Structures are given as structure tokens and as C-alpha cells.
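All remarks here apply to the structure that follows.
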There are 2 protein chains.
Amino acid sequence: MVDIAEEGAPTLHRLRRELARGTAELAVLSILSSGRRYGYELLKLLQTAGAGVLEIKEGTLYPLLHRLEDAGLIASSWEVEGGRGRPRKYYSITDHGRGHLALLRAEWSELVEAMRALLDTLDGVHR
Amino acid sequence: MVDIAEEGAPTLHRLRRELARGTAELAVLSILSSGRRYGYELLKLLQTAGAGVLEIKEGTLYPLLHRLEDAGLIASSWEVEGGRGRPRKYYSITDHGRGHLALLRAEWSELVEAMRALLDTLDGVHR
DNA sequence: CCAGATACTTGGTACGACAAGGTATATGAC
DNA sequence: GTCATATACCTTGTCGTACCAAGTATCTGG
């Protein structure tokens, strides 16, 4: 009872996955560049920001955070707020991370510009 | 003998790879929407267009073309031009492919817009 | 005749995104 | 009292795509 022939909606999901690949790193570093946040907070932020386009799942975020920390781009510290339950792991961007973010942003700009040029040309916008 | 500390250049390559992922499909379909092309031609077009940002390798393009054809988004036909050597396999976009392209372009726009909003906000552009 | 451009193909590997599952604490519903 | 829900973090296995490397085949120029 699987929707093998039935399409349209499920495909869109796959599109987003592949198109948005690598975007998570840029998004997370960007947010952290404005201040420290904990994982769950990032999760919720990305869900609401950008109408869900930038949303990433737990199974994506936590491994990503660990990768970024291992690479020295971000740093973490556990914090147990008195009276609260589960302790939170706060992340903040490092200097190295800021440098990397600049690179990423430049790469992203180039990509967007290249795609824009390609699509516009074919559109006949210059017509 | 690995470049653990030594970095900067090789990383950039990986960055681009991940960021541009899924872009190939959009780029190829876009080009094909303006007329039929053969594989090698697409390869060269993508190398020159967009300052190499959209460049993909043979090992990426040909499997991609096969996937798109299997999905019914494009159609192919071999053509042996008299006097020429190696026959060429020309690809053209199908109606189904045009529909898919519209979806992809919409997805791409949403993603770009969401990232723009995120980056602008954090930039303090809004003061 | 062999190197290099043209032109398409395929097998193996790397890596990120995700689904699914697990741990743990607090709160409000029943 | 316990059950669902929200908060909060983590891990394992699977999948899809990009790439490297190598192979096939034709034509051109040194």
C-alpha cells in the first residue's frame, strides 16, 4: 500500500533534502555568530525561521554540532540553571568559526549568483 | 602525513561540493528547457557558466541524466551525424520535466529567500 | 603511432540528512 | 499514581548523491 505511482508531494521532500544540503552548517554558524544558543533552541529557531525551508531534524543537528565542535569552529559548555530540569549545552562560535563562516557566506553568494545568472538567461528576461 | 593543521584550500572544495548539492538537477533541467543538448555539451556549458561554481564532473552528470530519464523528466535520442565520429546522445526536456523544473525553481527561490532573510537579520542590516 | 580532445559508461567510496530509537526531567490531564 | 506532552540531548543504520578512477571508442595532429 505504498504510493509508488502516487507522487507530487513526497518528491518535494526529497528535493528539499538535496537542495538544502550543506545549508545547515551555514545557518547554524550564522545564528551562533549573533550569540550563544543551545541545541534545542537552534532546532526551534530553524523550524520557525524561513517558513520551514531551513528546518533540520535532531538527527541532523546534533551530529552537525559535534562535527563543528571537533573542527574547532564552535565551543560548548553545559549549564544547569537552578530549579530547571534537563541541563542545556550552550554553543558559541569561535574566531576560527567566524573565519569559516565568512568563507561559507562567500561560497553561498557565488552559488546563488551563478544560479540566478543561469536562470535569468534562460528565462529570456534579457529579451 | 595528513594536513591536519594545514588547511584553507582543500576545504573550500568540499564546502562548494556540499553547498551546491542538488543544484545539478536544477541547472541541467534549466538548460534543457531552452533546447536539446548532449551530455558533453552540458558538461562544458556548466564549466564555463557561473565561473565554475556550477561545474559538475562526468561521474556526476551521466548518472544524473540517466536518473532524470528514468523518471521521465527528460528524453534522449542517439544521433550519428554523417562524417562525424563518436555518436552523440541528445537530451530534451519532457512536459513532466517542465513541471518538475517549476517545482525545483520554486524550492530554490524559497531556500535562497530564507537564507537571505536569516543572513540579513544577523548582519544587523536592519540596524 | 601515440597523445589528446571528444563522448559516453560504470564501479567503488565518502559523507551528510534523516528515520527511528533511546535517556532523562518537568508539567498538566485523567 | 500514571500517561501524554514538551523539553533536552544522543546514537545507529540507511539512503542518495557527488566524485574518483578507469574503461570504451572515434577522430586529429605531431
Side-chain angles (χ1 to χ4, degrees), chain A residues 10-29 37-47 52-71 76-91 104 111, chain B residues 2 10-28 36-47 52-71 74 76-91 104 111:
Chain A
T11 320
L12 206 65
H13 188 224
R14 213 200 74 247
L15 286 190
R16 183 163 296 176
R17 262 216 281 270
E18 292 304 326
L19 263 189
R21 195 170 170 122
T23 305
E25 191 174 325
L26 173 54
V28 165
L29 281 177
R37 310 272 186 177
Y38 55 96
Y40 198 76
E41 195 182 3
L42 286 167
L43 223 44
K44 297 303 167 188
L45 272 173
L46 290 171
Q47 264 172 31
V53 192
L54 297 178
E55 179 183 352
I56 57 178
K57 301 304 167 58
E58 290 184 290
T60 302
L61 179 65
Y62 291 114
L64 169 61
L65 288 172
H66 301 329
R67 279 201 306 276
L68 294 177
E69 188 170 18
D70 288 346
S76 69
S77 67
W78 283 99
E79 239 141 283
V80 188
E81 272 140 275
R84 291 206 79 275
R86 201 82 173 67
R88 291 162 171 173
K89 197 173 184 180
Y90 277 87
Y91 290 93
L104 257 181
L111 178 60
Chain B
V2 195
T11 321
L12 206 66
H13 188 224
R14 214 202 73 247
L15 285 193
R16 183 165 295 181
R17 264 212 283 267
E18 291 303 326
L19 268 186
R21 193 163 173 128
T23 305
E25 193 174 323
L26 173 55
V28 165
R36 28 189 273 125
R37 311 270 186 180
Y38 55 97
Y40 199 78
E41 195 181 5
L42 286 168
L43 222 46
K44 297 303 168 189
L45 272 174
L46 289 172
Q47 264 173 30
V53 191
L54 298 178
E55 179 182 352
I56 56 178
K57 303 302 167 57
E58 290 182 291
T60 302
L61 178 65
Y62 290 113
L64 169 61
L65 288 171
H66 298 331
R67 280 201 305 276
L68 294 177
E69 187 170 20
D70 288 345
I74 61 178
S76 68
S77 66
W78 282 100
E79 239 140 282
V80 188
E81 272 139 276
R84 292 203 82 274
R86 200 80 174 69
R88 291 163 170 173
K89 198 173 182 179
Y90 276 88
Y91 290 93
L104 257 183
L111 179 60

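Keep in mind it's a predicted model, so treat the numbers as computed, not measured. Atom set for the values below is all heavy atoms of this structure, side chains included, hydrogens, waters and symmetry mates excluded. Letters go in sequence order (proteins before strands), and every chain restarts at 1.
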List the steps and the verdict of side-chain contact (heavy atoms from CB on, under 4.5 Å) for L19(A) and L104(B). CA-CA 9 Å; L19(A) 263 189; L104(B) 257 183; 4.0 Å; yes
[X] [atom1] to [N] [atom2], straight-line distance once rounded to whole Å:
X       : N       : atom1 : atom2 : result
D70(B)  : dT10(C) : CG    : P     : 11 Å
Y90(B)  : dT6(C)  : OH    : P     : 14 Å
L111(B) : dA17(C) : CG    : P     : 12 Å
L61(A)  : dT7(D)  : CG    : C1'   : 15 Å
Y40(B)  : dG4(C)  : OH    : P     : 14 Å
L43(A)  : dT7(D)  : CG    : C1'   : 11 Å
R88(B)  : dC27(D) : CZ    : P     : 12 Å
K89(B)  : dT10(C) : NZ    : C1'   : 13 Å

Does OP1 or OP2 of dA7(C) have a side-chain N or O of Y38(B) closer than 4.0 Å? yes
Determine whether L65(A) and L42(A) satisfy the following criterion, side-chain contact (heavy atoms from CB on, under 4.5 Å), listing intermediate values before the conclusion. CA-CA 10 Å; L65(A) 288 172; L42(A) 286 167; 4.1 Å; yes
Where do L61(B) and G39(B) come nearest, in terms of heavy atoms and distance? CD2-O, 3.2 Å
Give me the atom names and distance for the closest heavy-atom approach of L111(B) to A20(A). CD2-CA, 4.1 Å
How long is the gap from OG1 on T23(B) to CZ on R21(A), to the nearest 0.5 Å? 12.0 Å
At under 4.0 Å between heavy atoms, how does the protein contact nucleotides 11-24 of chain D? Give one character per nucleotide, 5' to 3', with B, S or -. B----BBSBB----
Partner residues of Y38(A) under the ring-ring contact (aromatic ring centres under 6.0 Å, His included) criterion, sequence neighbours left out: Y90(A)
